[in-house]
Amino acid sequence: VLFVAEEFKGRAVRAARHSTRSRVLERLVEQCPGEVLDELVRELITAALALCYNDFGNFVLQRVLEHGTAAQRRTLVEALSADAASLAQHPV
């Protein structure tokens, strides 16, 4: 499974926006220890606001909130709270 995570490095944001690849990312976040995916999760967090508005990316971020490490969850929440009012009104 780790080799799959390696293949997503540098491509995680693009994969999170794709209908099939986003599901693979979701399963990785669910099944792999958070520390193993730290680089991937950091990549996703840098594009968190854009991913929240994406039909598939928002599910990947939900998995990070459910299964990520405490530090990953905290960093994601901080990134999202900057635009919380807009996110709360978005239909996705």
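- The two atoms that bring L61 and A48 nearest to each other are CD1-O, 3.4 Å, heavy atoms only.
- Under the 4.5 Å side-chain criterion, counting only non-hydrogen atoms from C-beta, F8 is in contact with L28.
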* To do: Before giving the answer on side-chain contact (heavy atoms from CB on, under 4.5 Å), spell out for E26 and F59 the whole-Å C-alpha distance, their side-chain angles and the decisive distance to 0.1 Å.
  => CA-CA 7 Å; E26 286 183 62; F59 291 108; 3.6 Å; yes
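- Annotation: R14, atom CZ; neighbour count of heavy atoms from other residues, nucleotides and ligands within 6.0 Å does not exceed 12.
- Side-chain contact check for L2 versus V36: some heavy-atom pair is nearer than 4.5 Å.
- Considering T69, V64, I45, L80 as possible partners of T75, the one that fulfils the side-chain contact (heavy atoms from CB on, under 4.5 Å) test is I45.
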* In sequence, state the C-alpha distance, the side-chain angles, and the governing distance for E6 and K9, and then conclude on salt bridge (Lys or Arg N to Asp or Glu O under 4.0 Å). => CA-CA 5 Å; E6 287 293 321; K9 287 184 180 176; 2.8 Å; yes
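- Counting all heavy atoms, side chain and backbone alike, D38 lies closest to Q72 at OD1-NE2, 3.1 Å.
- Put simply, the side chain of R21 does not reach to within 4.5 Å of the side chain of R17, judged on heavy atoms.
- The NE2 atom of H18 sits 11.5 Å away from the CG atom of L25 when rounded to the nearest 0.5 Å.
- Considering every non-hydrogen atom in both L65 and V77, the closest pair reads CD2-CG2, 3.9 Å.
- Interatomic distance, C32 SG to L37 CG, rounded to the nearest 0.5 Å: 4.5 Å.
- Within the 4.5 Å cutoff, side-chain heavy atoms of D83 are placed close to those of Y53.
- The pair R63-E66 counts as a salt bridge, with a side-chain nitrogen and a carboxylate oxygen less than 4.0 angstrom apart.
- Counting non-hydrogen atoms of neighbouring residues, nucleotides and ligands closer than 6.0 angstrom, the CZ atom of R23 reaches no more than 12 such neighbours.
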